[in-house]
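Report on the following structure.
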Number of protein chains: 2
Amino acid sequence: MKISKELMKGSTVILILTLLNRKDMYGYEMTKEMETHTDGVFTLKEGTLYPILHTLESDQLVEAYWHEKDGRKRKYYRITKSGQDELSLKTKEWTLFRSTVDRVIEEGGRI
Amino acid sequence: MKISKELMKGSTVILILTLLNRKDMYGYEMTKEMETHTDGVFTLKEGTLYPILHTLESDQLVEAYWHEKDGRKRKYYRITKSGQDELSLKTKEWTLFRSTVDRVIEEGGRI
DNA sequence: ACTTATACATAGATATACGAGGTATTAATG
DNA sequence: CATTAATACCTCGTATATCTATGTATAAGT
């Protein structure tokens, strides 16, 4: 099943920061990993990903560095301390959001 | 904690349809009920709600009717069969979306 | 009489994701 | 060896959703 892009809004940054919190990665790698890891449910589009990475970098939530490996130059991203703090915040927000939606749709709005 | 409006995007319609699946309601009532029921986490803004209700009506997912009660004229909305089908679909989509986000942030993207 | 709450509505501003398009390099294929 | 596919980066315009601000009207409370 495909997830509508509107549902994705607001959730993409937390996914990216989560990946970078595990290990340094480059953009193209993140698109492939997101696709395989979620069995194609999420497809981190390049037109979405790269602008976000640039914003995260200018906000100093991640740092970029070029690194050559296997004869390929890639732009790697590393999460910063601020980025980890932001991730922690966004994770709390997500948890509250998700459980509140669940509460409404499970109880149908009953008080 | 306040939920960013970007996170809300794509989730508002399912919340509205869920409320209407329980009982017929009018707009203003829905804003109050959403606020109290979620302890202020979700605040269904009127500028958001009314345009959505109009769209749902023109898509024939809900039907509107005026009804006077307690000396007040209110525009009630009733969910249609199509609306219930749509709600069922959106609920499945939400469940997949939510569990996939959880999978990523819990495992950090590990395969 | 005046203010607040109820009840509906719309228009403009803002943010986000995506599709389409572009460039460059390396690997694979006929 | 030439061509195509895959890798790897990037930007711009478009579509969509939510919110703020604003407006109108009626009923209730002070």
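Below, chain A is the first sequence line, B the second, and so on; all start at residue 1. In what follows, every heavy atom counts, from backbone to side chain, and hydrogens, waters and symmetry copies are set aside.
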(request) Indicate the atoms forming the closest heavy-atom contact of A:Thr95 with A:Ser99, along with that distance. (result) O-OG, 2.8 Å
(request) Could you please spell out the steps behind the salt bridge (charged side-chain N to carboxylate O under 4.0 Å, His left out) verdict for A:Arg78 and A:Glu63? (result) CA-CA 5 Å; A:Arg78 178 197 302 128; A:Glu63 289 166 348; 2.9 Å; yes
(request) Give one of base, sugar-phosphate or nothing for A:Lys75, where a contact means two heavy atoms less than 4.0 Å apart. (result) sugar-phosphate
(message) Out of the candidates B:Ile14, B:Thr12, B:Thr18, only one should pair with B:Ile16 under the side chain to side chain contact (heavy atoms under 4.5 Å, CB included) rule; please name it.
(response) B:Thr12
(request) Hey, which sits more toward the 5' end of DNA chain C by its nearest nucleotide, B:Lys9 or A:Lys5? (result) B:Lys9
(message) Here's a test of your reading of the structure: between A:Arg72 and A:Ser11, which maps to the more 5' nucleotide of DNA chain C?
(response) A:Ser11
Side chains of [X] and [Y] in contact at under 4.5 Å (non-hydrogen atoms):
X: B:Met34; Y: B:Leu15; value: yes
X: A:Arg103; Y: B:Asp39; value: yes
X: A:Met1; Y: B:Leu89; value: yes
X: A:Phe97; Y: B:Ser4; value: no

(request) Give, ordered by number, those residues of residues 43-53 of chain A having at least one heavy-atom distance below 4.0 Å to an atom of DNA chain C; if nothing qualifies, reply none. (result) A:Lys45, A:Gly47, A:Thr48, A:Ile52
(request) Starting at OG1 of B:Thr48, measure out to NZ of B:Lys5 and round the result to the nearest 0.5 Å. (result) 8.5 Å
(message) Measuring from atom CG of B:Leu19 to atom NZ of B:Lys23, what distance do you get when rounded to the nearest 0.5 angstrom?
(response) 9.0 Å
(message) Between A:Lys32 and A:Glu35, is the salt bridge (charged side-chain N to carboxylate O under 4.0 Å, His left out) condition met? List the steps.
(response) CA-CA 5 Å; A:Lys32 297 299 164 190; A:Glu35 174 113 22; over 6 Å; no
(message) With a strict under 4.0 Å distance from non-hydrogen atoms of chain A, what nucleotide opens and what nucleotide closes the contacted stretch of DNA chain D, reading 5' to 3'?
(response) D:dT7 to D:dA17
(message) Quick check for you: name the first and last nucleotides of DNA chain C, 5' to 3', having an atom under 4.0 Å from a heavy atom of chain B.
(response) C:dT6 to C:dT16
(message) Let me spell it out: for each of B:Gly71 and A:Lys32, pick the nucleotide of DNA chain D with the closest heavy atom. Which residue's pick is nearer the 5' end?
(response) A:Lys32
